[in-house]
2 protein chains.
Amino acid sequence: MSQASHKILNTLRQMIVSGALAPGMKLAEIPTAEMLGVSRTPVRSALATLAQEGLLERIHQRGFHVRRISKEELVGAVEVRSVLEGLAARQAVERGLSNAVLETLQSCLDVGDQLFAKGHINEEDIAHYHDINKRFHATIISASGNPAIEPALARNEHLPFASPNAIRFDKNALDREFQRFAFAHQQHHTVVDAMRRGQGARAEALMREHAYVTIRYVDVDDFANFPDTIK
Amino acid sequence: MSQASHKILNTLRQMIVSGALAPGMKLAEIPTAEMLGVSRTPVRSALATLAQEGLLERIHQRGFHVRRISKEELVGAVEVRSVLEGLAARQAVERGLSNAVLETLQSCLDVGDQLFAKGHINEEDIAHYHDINKRFHATIISASGNPAIEPALARNEHLPFASPNAIRFDKNALDREFQRFAFAHQQHHTVVDAMRRGQGARAEALMREHAYVTIRYVDVDDFANFPDTIK
DNA sequence: AAACTCAATATTGGATACATTAAATCCAAA
DNA sequence: TTTGGATTTAATGTATCCAATATTGAGTTT
């Protein structure tokens with residue numbers, strides 16, 4: 001796969017994840033190729049990849065359609081993430097934490113503390129916290145020493161809206177967002193506390209619970225606007 | 001993907017999983033296509049799929065090579081399976097078990113009991129038990145009501161030798177195999193017992209432990225013969 | 001009028017030709 | 001003799017052509 005092919009893959013994936021291609025919509029090779037101004041070959045490759053990722057579904061000998069993601073699937077993906085992240089935290093403790101890992105985690109906590117100290121957040125802060133959050137989780141997953149966790153999570157996350165990246169927040173209710181993110185950040189503190197004390201089971205339990213912060217979003221807000229994605 | 005393409009995909013996957021294509025071996029489109037007597041197109045599709053499955057690794061703009069699976073990855077995959085199967089058992093309990101599910105599980109237990117009652121096993125029995133085992137696990141995963149578990153497990157399992165399907169047993173030591181399978185079957189009993197009692201956490205813990213029966217195989221026997229697959 | 005069959009059309013799957021890119025080898029110069 | 005650059009070679013990526021197949025529509029027959 002070269003640039004063109006990659007670009008098409010990412011374009012289509014983005015269009016599906018963002019909802020630009022509505023769930024249930026039929027996606028044939030030729031129209032798609034024409035739409036993107038390329039031949040069928042790279043489109044074919046991209047569609048096959050997206051089908052394997054679970055974003056598309058093959059219609060027998062008749063192309064693909066955008067998979068309709070049920071609420072059960074989204075909630076299920078969060079639950080799967082929950083146990084995988086929990087596993088990572090526990091295994092990281094069991095394996096023993098290096099100073100480098102502890103320092104990285106601590107810096108995530110410190111930066112977050114600063115961010116939330118002023119009692120409110122703006123969009124820039126949220127973007128910043130998003131980075132910290134990613135680093136926090138990636139650090140623990142890496143520290144687990146279990147190379148199977150990262151790919152399992154990655155494949156679990158590419159459902160539309162299932163990943164924490166896709167958390168959409170109500171820009172008009174930054175106050176409530178502040179509460180949520182601050183709570184998530186406090187959970188990070190508890191996880192690190194457990195990890196420092198070598199409490200693997202506690203770290204696992206806390207990390208599991210932490211994954212559920214996303215579900216509130218799923219339940220309450222985001223998907224109200226996407227009736228098509230809910231069964 | 002049509003028949004030809006599927007066949008090639010399965011052929012290549014089998015060759016990789018069985019070790020016929022040695023880890024680290026380079027796999028280019030043209031030679032592979034010639035070897036299999038088809039054009040590059042279906043080979044391309046198959047290689048891309050296998051790369052996405054994690055069996056092959058892309059060499060930048062220069063084909064693929066068979067991924068060298070480390071022991072850490074195999075053990076890690078078992079641990080991932082462990083928490084996912086545990087999740088399935090717990091969620092199945094939390095959701096409530098239908099009579100149909102309970103009957104299926106009970107029949108797996110009964111058939112297994114009969115198999116092991118005579119105190120020894122032959123190869124045919126092992127094949128039979130293999131089927132029962134698959135049905136047992138599939139039933140619980142399905143009963144969990146979490147549609148994200150099954151694909152997560154499926155993707156986790158296609159590492160060579162990581163899946164229970166790939167358990168290779170020493171045909172000259174059926175006695176020891178008997179011990180192992182009988183033990184695994186007893187674990188099935190305990191899992192069902194917990195599930196019947198509505199003990200979700202216990203069912204989860206037992207199912208987690210159950211997944212580790214595979215690791216013994218990994219550690220002790222199988223991989224001694226595959227030095228290339230171990231780092 | 002309804003149902004079945006046949007034909008036409010559209011769409012995927014496979015093969016091949018062409019372009020692009022990376023690697024390897026060879027030659028020249030220092 | 002070694003190193004660097006250029007050229008050649010080989011392999012991927014893209015486009016297009018051909019074949020196989022399924023669906024749809026029209027026409028005919030019951």
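Each chain gets a letter, A, B and so on, in the order its sequence line appears, and its residues count up from 1.
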In whole angstroms, how far is the [atom2] atom of [N] from the [atom1] atom of [X]?
| X | N | atom1 | atom2 | value |
| --- | --- | --- | --- | --- |
| R44(A) | dT16(D) | CZ | P | 14 Å |
| K7(B) | dG13(C) | NZ | P | 18 Å |
| I30(A) | dT16(D) | CD1 | C1' | 12 Å |
| R62(A) | dT21(D) | CZ | P | 13 Å |
| I59(A) | dA22(D) | CD1 | C1' | 13 Å |
| L56(A) | dT12(C) | CG | P | 13 Å |
| L47(A) | dT12(C) | CG | C1' | 11 Å |
| L9(A) | dG13(D) | CG | P | 13 Å |

Check: N99(B)/E103(B) side-chain N/O donor and acceptor closer than 3.5 Å = no
| said: When you compare the side chains of N133(B) and H137(B), does any donor N or O come within less than 3.5 Å of an acceptor on the partner? | reply: yes
Hey, is the main chain of A138(B) close enough, under 3.5 Å, to the side chain of S142(B) for a donor-acceptor pair? no
Tell me whether E157(B) is salt-bridged to K134(B), with the criterion being a basic N under 4.0 Å from an acidic carboxylate O.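 No, no charged N to carboxylate O under 4.0 Å.
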**Report entry** Neighbours of DNA chain D within residues 31-43 of chain B, by heavy-atom distance under 4.0 Å
**Finding:**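 Close to the strand are R40(B).
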Side-chain contact, heavy-atom cut-off 4.5 Å: Q91(B) with E79(A)?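 Yes, their side chains come closer than 4.5 Å.
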Any side-chain heavy-atom pair of R90(B) and V93(B) under 4.5 Å: no
